[in-house]
There are 2 protein chains.
Amino acid sequence: MGEDAALEVAVRLKALADPVRLRLLSLLLASEEVCTCDLAPAVDLTEATVSHHLGQLKKAGFISGERRGMNVYYRAHRDALGAMAQVIDPACC
Amino acid sequence: MGEDAALEVAVRLKALADPVRLRLLSLLLASEEVCTCDLAPAVDLTEATVSHHLGQLKKAGFISGERRGMNVYYRAHRDALGAMAQVIDPACC
DNA sequence: CCACCTACTTGACGAATGTCGAAAGGGTTG
DNA sequence: CAACCCTTTCGACATTCGTCAAGTAGGTGG
């Protein structure tokens, strides 16, 4: 793996390498669409903290959020996760 | 994903989420067996720094090292990487 | 046996980065 | 406007990265 490629992959892996973000992602994968106000109590953290984590996942391209009315609904990008899995083990898929 | 499971996965992902460790792993996957003295110049860091990184990869179960004479030879555990890929995307494999 | 060298690991340190929540701000609805 | 949802800024605290210095392990020559 090249130096630049390693840096890009590491940045995206860092976004996944946190217990809170893994649980948020798991909740999003299970429920299709969830808003911050529902996620915060599920992981027992403040909405501000959850917003931080969602921002990191969004920046890494694993989720996206859409505002509808008062709430912001987040959904997971399953293809981005699949691509990440393939980088870790190309022989896997 | 449960709280404890998320923590365990996060710890192992953190071991992967670093550009230096990704490059070290890539070198090990390419060459079957490499010693610290060959890895250090390949990533342009001191042997001490490389040893720290190899220790983290070893602790996470992605590599193992064996001393033969003066050198310590490391090799990657491909199955551990496959298992990690499957955690990220269960539908992948 | 001893000194000496190479290969590698470990511990301690400063610099950089990440985590979390309180407070403040922007949008949206009633 | 008041209430609600969400994000952003700021500050405290913890974790991580790379290096030096010291220590261990194995090999070599006097």
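The chains referred to below are lettered A, B, ... by the order of the sequence lines, with proteins before strands, and numbering in each begins at 1. Atom set for the values below is all heavy atoms of this structure, side chains included, hydrogens, waters and symmetry mates excluded. All of these numbers come straight from a predicted model, not from anything done at the bench.
The distance between atom NZ of Lys59(A) and atom C1' of dT7(D), rounded to the nearest whole Å, is 15 Å. Atom pair Glu47(B):CD and dA21(D):P shows a separation of 16 Å (rounding to whole Å applied). As rounded to whole Å, 9 Å separates atom P of dC6(D) from atom CG of Leu39(A). The nearest whole Å value for the distance from the CD atom in Glu66(A) to the P atom in dT7(D) is 13 Å. Atom OH of Tyr73(A) is separated from atom P of dT7(D) by 13 Å (rounded to the nearest Å). Remark: P of dC17(D) and CZ of Arg23(B) are 15 Å apart, rounded to the nearest angstrom. A straight line from NZ of Lys58(A) to C1' of dT8(D) spans 13 Å, rounded to a whole angstrom.
For the pair Arg23(A)/His53(A), no side-chain contact is recorded, criterion being any heavy-atom separation below 4.5 Å from C-beta on. Arg75(B) places none of its side-chain heavy atoms less than 4.5 Å from the side chain of Leu28(B). Using a 4.5 Å heavy-atom threshold, the side chains of Pro19(B) and Leu7(A) count as touching. You'll find the side chain of Tyr74(B) stays beyond 4.5 Å of the side chain of Val34(B), heavy atoms only.
Phosphate contact (OP1/OP2 of dT6(C), side-chain N/O of Asn71(B), threshold under 4.0 Å): absent. In this structure, Tyr74(B) reaches the dT9(C) phosphate: one of its side-chain N or O atoms is under 4.0 Å from OP1 or OP2. The side chain of Ser51(B) places no N or O atom within less than 4.0 Å of a non-bridging phosphate oxygen (OP1 or OP2) of dT10(C).
For the atom pair CZ of Arg78(A) and CG of Leu29(A), the computed distance is 5.0 Å after rounding to the nearest 0.5 Å.
Here the side chain of Arg12(B) pairs a donor or acceptor atom with the backbone of Ala60(B) at under 3.5 angstrom.
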message: Using a 4.0 Å heavy-atom cut-off to protein, can you give one letter per nucleotide of nucleotides 18-30 of chain C, 5' to 3': B if the base is in contact, S if only the sugar-phosphate is, - if neither?
response: -SSBB-----BS-
